[in-house]
Amino acid sequence: ETGVTQTPRHLVMGMTNKKSLKCEQHLGHNAMYWYKQSAKKPLELMFVYNFKEQTENNSVPSRFSPECPNSSHLFLHLHTLQPEDSALYLCASSQGGGGQGSYEQYFGPGTRLTVT
Amino acid sequence: AQSVTQLDSQVPVFEEAPVELRCNYSSSVSVYLFWYVQYPNQGLQLLLKYLSGSTLVKGINGFEAEFNKSQTSFHLRKPSVHISDTAEYFCAVPYNQGGKLIFGQGTELSVKP
């Protein structure tokens, strides 16, 4: 595997379900990101991890819970979601540590989430 | 505060025609500017970046962009587009020093034969 991979690619879940999204990067990066992409809205940053530590939480509801066990893996745990949470969830990675390299982000293909 | 405005939500063009996708920014941190492209059913991919130096930046797939400080713009151009350039294009600027990017609303480029 190369680059940034995300699983599953598609997910349909009910509002009472619990599920997790997985992201893995094979680029040797130290920063990882979760973004939400909804139709007709700008890309929204959700969380940032630098060297496994969470450095940004963009006022995300607690029904979204991130986990970063190491610099290569990032999870997004989902529970009691709402229909308006249906979106494409994108994971990205970068060199981390701030500076120019942090802005060159490499994205996975995303998980298309539908909440019913 | 940092912000990015992409002036066109949709740009339809014919194949082999030139195209310009417009981006205006506002930034109080270091002026780094980025264009990302998202092909259908894929994540975003870095197209080009301005960090410093020459104001004309060349990227992948024949795209280029010009940083204009006086007009706070970073418009993306290609002299002759292909069907395969059909995608959504995002302009982005750093929000802070920690790697957070602010993205524009996106411009959907549709290339027709």
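These numbers come from a predicted model, not from an experiment. All chains are named by letter (A, B, ...) in the order of the sequence lines, taking the proteins before the strands, and each is independently numbered beginning at 1.
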Original post:
Looking only at heavy atoms, which two atoms of B:Gly104 and A:Pro42 are closest? And how far apart?
Top reply: O-CB, 4.2 Å

Original post:
When hydrophobic residues are tied together by side-chain contacts of less than 4.5 Å, even through go-betweens, does B:Tyr39 share a cluster with B:Phe63?
Top reply: yes

Subject >> Option that, when pairs with chain B are counted at under 4.5 Å, heavy atom only, ranks first among A:Glu104, A:Gln6, A:Arg112 >> reply: A:Glu104

**OP:** Determine whether A:Phe51 and A:Tyr49 fall in the same hydrophobic cluster, where Ile, Leu, Val, Met, Phe, Trp and Tyr are linked whenever their side-chain heavy atoms lie under 4.5 Å apart.
**Re:** no

**OP:** May I ask you to check whether over 12 heavy atoms, not counting those of B:Asn41, lie within 6.0 Å of atom CG?
**Re:** no

**OP:** Find out if a path of hydrophobic residues (ILVMFWY) with successive side-chain heavy-atom gaps under 4.5 Å connects B:Leu101 to B:Tyr32.
**Re:** yes

**OP:** Kindly assign one of parallel, tilted or perpendicular to the pair A:Tyr35 and B:Phe103, based on the angle between their ring planes and the thresholds 30° and 60°.
**Re:** perpendicular

**OP:** Supply the atom-to-atom distance A:Phe107 CZ to B:Leu46 CG, rounded to the nearest 0.5 angstrom.
**Re:** 9.5 Å

**OP:** With rounding to the nearest 0.5 Å, note down the distance linking CG in B:Leu44 to CD in A:Gln105.
**Re:** 9.5 Å

Original post:
Of the non-hydrogen atoms in A:Asn58 and B:Lys100, which two are nearest, and what is the gap between them?
Top reply: OD1-NZ, 3.4 Å

Original post:
Any chain of hydrophobic side-chain contacts (each under 4.5 Å) joining B:Tyr95 to B:Val31?
Top reply: yes

Original post:
Can you tell me how far the OH atom of B:Tyr36 sits from the OH atom of A:Tyr106, to the nearest 0.5 Å?
Top reply: 8.5 Å

Original post:
In Å, rounded to the nearest 0.5 Å, how long is the span from NZ of A:Lys41 to CD of B:Gln105?
Top reply: 13.0 Å

**OP:** State yes or no: do B:Ile60 and B:Leu56 share one hydrophobic cluster built from I, L, V, M, F, W and Y residues joined by side-chain heavy-atom distances below 4.5 Å, directly or via other members?
**Re:** no

**OP:** Pick one of side chain, backbone, both or neither for B:Leu51, based on which atoms fall under 4.5 Å of a heavy atom in chain A.
**Re:** side chain

Original post:
Looking at CG of A:Leu45 and CD1 of B:Ile102, how far apart are the two atoms once the value is rounded to the nearest 0.5 Å?
Top reply: 8.0 Å

**OP:** State, yes or no, whether a side-chain contact exists between A:Leu90 and B:Gln38 at a heavy-atom distance under 4.5 Å.
**Re:** yes

